[in-house]
Amino acid sequence: MRIHSLYIYPVKSLAGIPVSSFDMDDFGPANDRRWMIVDSERRFVTQRDYPMLARIHTSLEGDCVRVSIPGEGEYLLQAGEDEARVLVWRDWVKAVYGAPEVSDALSRFCGEDFRFVYMPDASFRRVDAGRVTEERRVSFADGFPFLITNLASLSELNGRLDKPVEMRRFRPNIVVEGGEPWSEDDWRQLLIGEQAFSVVKPCSRCVMTTVDPDAGTKAADLQPLRTLGRYRRTADGVIFGMNAIHESPGTIRVGDPVINRNTE
């Protein structure tokens with residue numbers, strides 16, 4: 001097996017960026033989901049309720065994030081000084097607001113009062129203590145620093161669909177090729193390049209998988225979630241991909257070998 005593709009998502013629930021490599025820091029992939037959108041009650045906002053967010057593209061300029069908002073233009077996200085406690089799932093996290101002009105443009109595009117917020121280095125959001133005993137941190141990602149998916153599993157799923165979907169629907173960080181369909185169910189320890197990863201849990205999927213990443217609309221037939229639910233439903237939910245944590249900082253690249261240490 002080897003890495004087929006890599007993605008980072010500078011802003012939670014906005015379009016991701018395919019990259020040839022990425023560095024890893026304490027949070028996970030460097031620059032991944034350090035920005036997020038919140039509503040007027042400081043609660044996180046995602047494509048689950050606002051699928052049009054998929055149409056907002058992101059790019060990196062060094063460590064700076066640029067967003068392209070349809071009908072509004074391009075803006076550089078810059079963290080301000082005003083702090084706020086913001087909610088992502090069950091976690092209230094210390095963050096800082098971004099520049100108001102970018103949030104104003106976002107609000108006009110979505111028709112809601114939204115703001116961009118940034119997670120500074122001083123903020124600490126703990127990875128799920130019920131799954132990971134170490135005191136590890138995570139960004140604004142749903143719960144774990146990495147989502148790893150298997151290209152063969154997508155091919156198997158697409159064989160069941162009338163209209164195939166791209167891996168972008170599942171918003172992975174690491175896509176692996178060369179394995180058997182659903183072999184990821186048995187992954188526990190992976191060596192990717194020279195970096196070790198612990199596979200923590202299967203990733204339960206939601207209505208976001210039904211959002212067309214180009215059009216920013218939900219599929220009326222609820223695909224591919226409906227088909228997945230027929231044969232990939234477990235105690236963890238309808239699953240596709242695996243959540244993981246890394247053992248140390250480092251760098252991984254497209255083409256790096258992926259070794260399942262369970263079978264060494």
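Keep in mind it's a predicted model, so treat the numbers as computed, not measured.
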For residues Phe197 and Phe146, establish whether the separation of their ring centroids is below 6.0 Å.
yes
Residue pair [X] / [Y], side-chain heavy-atom distance below 4.5 Å:
X	Y	value
Val65	Asn31	no
Arg253	Ser20	no
Trp187	Val258	no
Val176	Ile174	yes
Thr217	Val211	no
Tyr7	Val175	yes
Ile245	Pro145	yes

Look only at the side chain of [X] and the backbone of [Y], and say whether a donor-acceptor pair between them is shorter than 3.5 Å.
X	Y	value
Asp23	Thr251	no
Asp128	Phe144	no
Thr227	Pro224	no
Arg66	His57	no
Ser107	Glu112	yes
Gln47	Ser13	yes
Arg125	Ala141	yes
Ser103	Phe116	yes
Asp91	Val93	no
Arg232	Phe240	no

side-chain contact (heavy atoms from CB on, under 4.5 Å) between His246 and Arg136, worked out
CA-CA 10 Å; His246 56 314; Arg136 298 291 300 274; 3.3 Å; yes
With a 6.0 Å cut-off (strictly less than), is the heavy-atom count around CD of Glu194, excluding the residue itself, greater than 12?
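12 or below, so no.
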Do Val38 and Leu87 pass the side-chain contact (heavy atoms from CB on, under 4.5 Å) test, and can you show the C-alpha distance, the side-chain angles, and the key distance before you say yes or no?
CA-CA 8 Å; Val38 297; Leu87 183 67; over 6 Å; no
Tell me whether the rings of Trp89 and Phe44 are parallel (<30°), tilted (30 to 60°) or perpendicular (>60°).
tilted
Apply salt bridge (charged side-chain N to carboxylate O under 4.0 Å, His left out) to residues Asp121 and Arg137 and explain how you reach the verdict.
CA-CA 11 Å; Asp121 290 344; Arg137 76 192 321 183; 5.8 Å; no
Taking all atoms of both residues into account, what is the closest heavy-atom pair of Tyr9 and Asp32, and its distance?
N-OD1, 2.8 Å
Minimal heavy-atom distance between Ile148 and Ala244, with the atoms involved, is CD1-CB, 3.8 Å
A cation-pi test, strictly: NZ or CZ of Arg34 under 6.0 Å from the centre of the six-membered ring of Phe27 and no more than 45 degrees from its axis. Yes or no?
yes
Is the shortest distance from a Lys or Arg side-chain nitrogen in Asp142 or Arg48 to a carboxylate oxygen in the other one below 4.0 Å?
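Salt bridge: yes.
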Of Arg169, Arg168, Arg55, the residue whose pairing with Asp214 passes salt bridge (Lys or Arg N to Asp or Glu O under 4.0 Å):
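Per the salt bridge (Lys or Arg N to Asp or Glu O under 4.0 Å) rule, the option paired with Asp214 is Arg168, out of Arg169, Arg168, Arg55.
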Nearest 0.5 Å please: distance from the CD1 atom of Ile69 over to the CZ atom of Phe109.
8.0 Å
